[in-house]
Amino acid sequence: MSQKTFALLAWILVLGAILIVVVLVSLSLGSVNIPLGRIVEVIFQRKGSVEHSIIFDLRMSRILLGFAVGSSLGLSGVILQGMFRNPLVEPYTLGISGGAALGVCLNIVLGVSKIGGGLSLPLSGFLGALGVILMVYFLSARKTFRIQGLLLTGVMISFIASSLIMLIMAVSRVEELQGIIFWIMGSLEESNWFLIITMLLVSLAGLLVAYLFCFDLNALALGEEEARHLGINVERTKRMLFILASLLTGCSVSVAGIIGFVGLAIPYFIRLLTGIDYRFLLIGSFLAGGAFLILCDTLARTVISPLELPVGVITGIIGGSVFVYFLHTGPQQLFRKT
Amino acid sequence: MRAVCLWSKEWINKVRDESRVKASMPLRQVLFLSVVFCLFGAPLYSQDYPRRIISLGPAVTEGLYLLGAEERMIANTVYCQTPQGREEKEKIGTVIRVSLERIVYLKSDLILATSLTDRAQLAALKDLKLNVVEIPTARNFQEVCLNFLELGRLIGKDDQAIKIIQQAKDEVDFIRGQTKGLAKPRVMVQIGAKPLFVATREYAVNDFVELSGGINITADLKRGIYSREEALKQNPDYIIITTMGLAGAAEKESWQRYTALDAVKNNRIYIIDSEKLCAPTPLSFVSTLREMVKTLHPDAE
């Protein structure tokens, strides 16, 4: 094993360790603080105690969903940035979040959620996201899969979706408006275990499939022409990666709403650690995205406890500030071109 | 159905008659029943009704204070007011988002949610097998009374709730009687600016206008978004602006530019504190209604 590979593996282990620490801290902190030592005790306690209920019914579900959503967004971001060879692309650039939000708005305004129950909101969000994915895909991939066209179509569909959302908000009632705004703010508070497990499986499957393309992504980082010379089927790879990243984003948005920044900045920071080697970049973004979102959610729950901030506020403020700080004072290789 | 019953005199009379029947029971029988109740019923009675109530809305909190159940309320939200001299309760969040962890920790046996409580959190509370009851936002006096009655029923204070409702209803009837013969001014109630938003029949303020003998010119609209041109065309006699934070005074100024409006000519643009219009209890409804009557009929006694 070369020294470089060893260093990269060490980074992955460090990220894994950070994830475990963040999970333990998140289990312990909240509007009711449970000391770390007590958590082990509570885990083996019989069901029914207050602390057991807080840890298993409330915190564990948030942590698992935070991990699944954060890792999916991190993964989706790193794939899209690699594919577009543009560090400004993020999972929401392609209008997928706009489509999901539009689906949820229509659901709330038409009253489907009152009849359809808890699963109808994520389902309509996913259908909205899927609609946009298909639209962007077929509009930009009639003959060849044009990257520029894809990006522009995505941005435009995003604008159309946000205008339609504003239209719906302008004519909706106060209670509906509240539902729409809360959904758009994003939250990891989900009590439906079916959704949480599904999201977790989707993120793991996403990592597995993305990993099959890690060498193709490494080749694409050199440029499309070079990748073609290396024997990569560039068209097919781009299509597959677009669909994979879109599905990961669509699922995340439909379950947790729009949580910004994770998919944009996590790939940046991981690139600083691992360089442009997608064998490690994919796993690194996956782990770091999960850990980052869990950490932000813990802060959102505790900063002004018992009041709770929307998690997107924390991801934006913390992530954005650290990002700007590094941009001006940190090592320049962080922002070198992919 | 129940709403109709509550409004009708028969319903109130029925409740009164029932209590009269109880009062006319022979003394010996009453004493016997009281002893039986003290021996067997009282412990059950005290266990039956919730002892650890969490209120998730200001209206519910005010209702609980009015019904004298403050000792049983263990927590409420940051928007809930504490009457002067009373002990502050633990705050577990805002009207829309609360700390689920804190609610579980407090081992509440009744959580009183409102229409504004986040739907996802409401579902989560129900999933946690907690006793959650939603008290919807009242849109008129009848609904204020129904909500209050429901609150009384939930905490075992039905009699007290009925008494207060009856008192409020009598006062409302009295006010209606007084304003019956007076001229009916045409009123527009503005509840939002940029875009101009007015109160339709869906909003509680509509009932204040109608019960105080006014006509809400925008009552029949489907949505509250309104154009200033239409407002000029309709030319209301009164414009009532709810405070909306600090924007009330600025809005009043902006209306005063339209000198063709009767409301401007006669200086009849008023700002009303939006908190008063929320009317949490039947009694606070009556006190706001009195103010509205004074505004719309300044010359009447």
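Only this structure's heavy atoms are used, side chains among them; waters, hydrogens and symmetry mates stay out. By convention in this document, chain letters (A, B, ...) are assigned in the order of the sequence lines, proteins followed by strands, and residues within each chain are numbered from 1.
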Hey, are the side chains of [X] and [Y] touching, using non-hydrogen atoms and a 4.5 Å cut-off?
| X | Y | result |
| --- | --- | --- |
| S187(A) | R97(B) | yes |
| D57(A) | V104(B) | no |
| L58(A) | L128(B) | yes |

| query | Can you name the nearest heavy-atom pair linking V50(A) to Y105(B), along with the distance? | reply | CG1-CA, 3.4 Å

| request: Sort out for me which of V98(B), I96(B), I225(B), D118(B) touches chain A most, counting heavy-atom pairs under 4.5 Å. | output: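 Heavy-atom pair counts peak at I96(B).
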
| request: Flag the one option from K222(B), E202(B), Q121(B) with the top tally of heavy-atom pairs under 4.5 Å to chain A. | output: Q121(B)

Using heavy-atom distances under 4.5 Å, tell me whether [X] contacts chain A through its side chain, its backbone, both, or neither.
| X | answer |
| --- | --- |
| R119(B) | neither |
| T117(B) | backbone |
| E90(B) | neither |
| K91(B) | backbone |
| L106(B) | neither |

| F159(A) atom CZ: more than 12 heavy-atom contacts under 6.0 Å |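 Counting neighbours around CZ of F159(A), 12 or fewer heavy atoms of other residues, nucleotides or ligands fall under 6.0 Å, so no.
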
| Crowding at OH, Y270(B) (>12 non-hydrogen neighbours, <6.0 Å) | yes

Give, for atom [atom1] of [X] and atom [atom2] of [Y], the distance between the pair rounded to the nearest 0.5 Å.
| X | Y | atom1 | atom2 | result |
| --- | --- | --- | --- | --- |
| R62(A) | E101(B) | CZ | CD | 7.5 Å |
| L307(A) | R102(B) | CG | CZ | 12.0 Å |
| E190(A) | D127(B) | CD | CG | 9.0 Å |
| R59(A) | L100(B) | CZ | CG | 11.5 Å |

| message | Please classify the contact of S61(A) with chain B as side chain, backbone, both or neither, using a heavy-atom distance under 4.5 Å. | response | neither

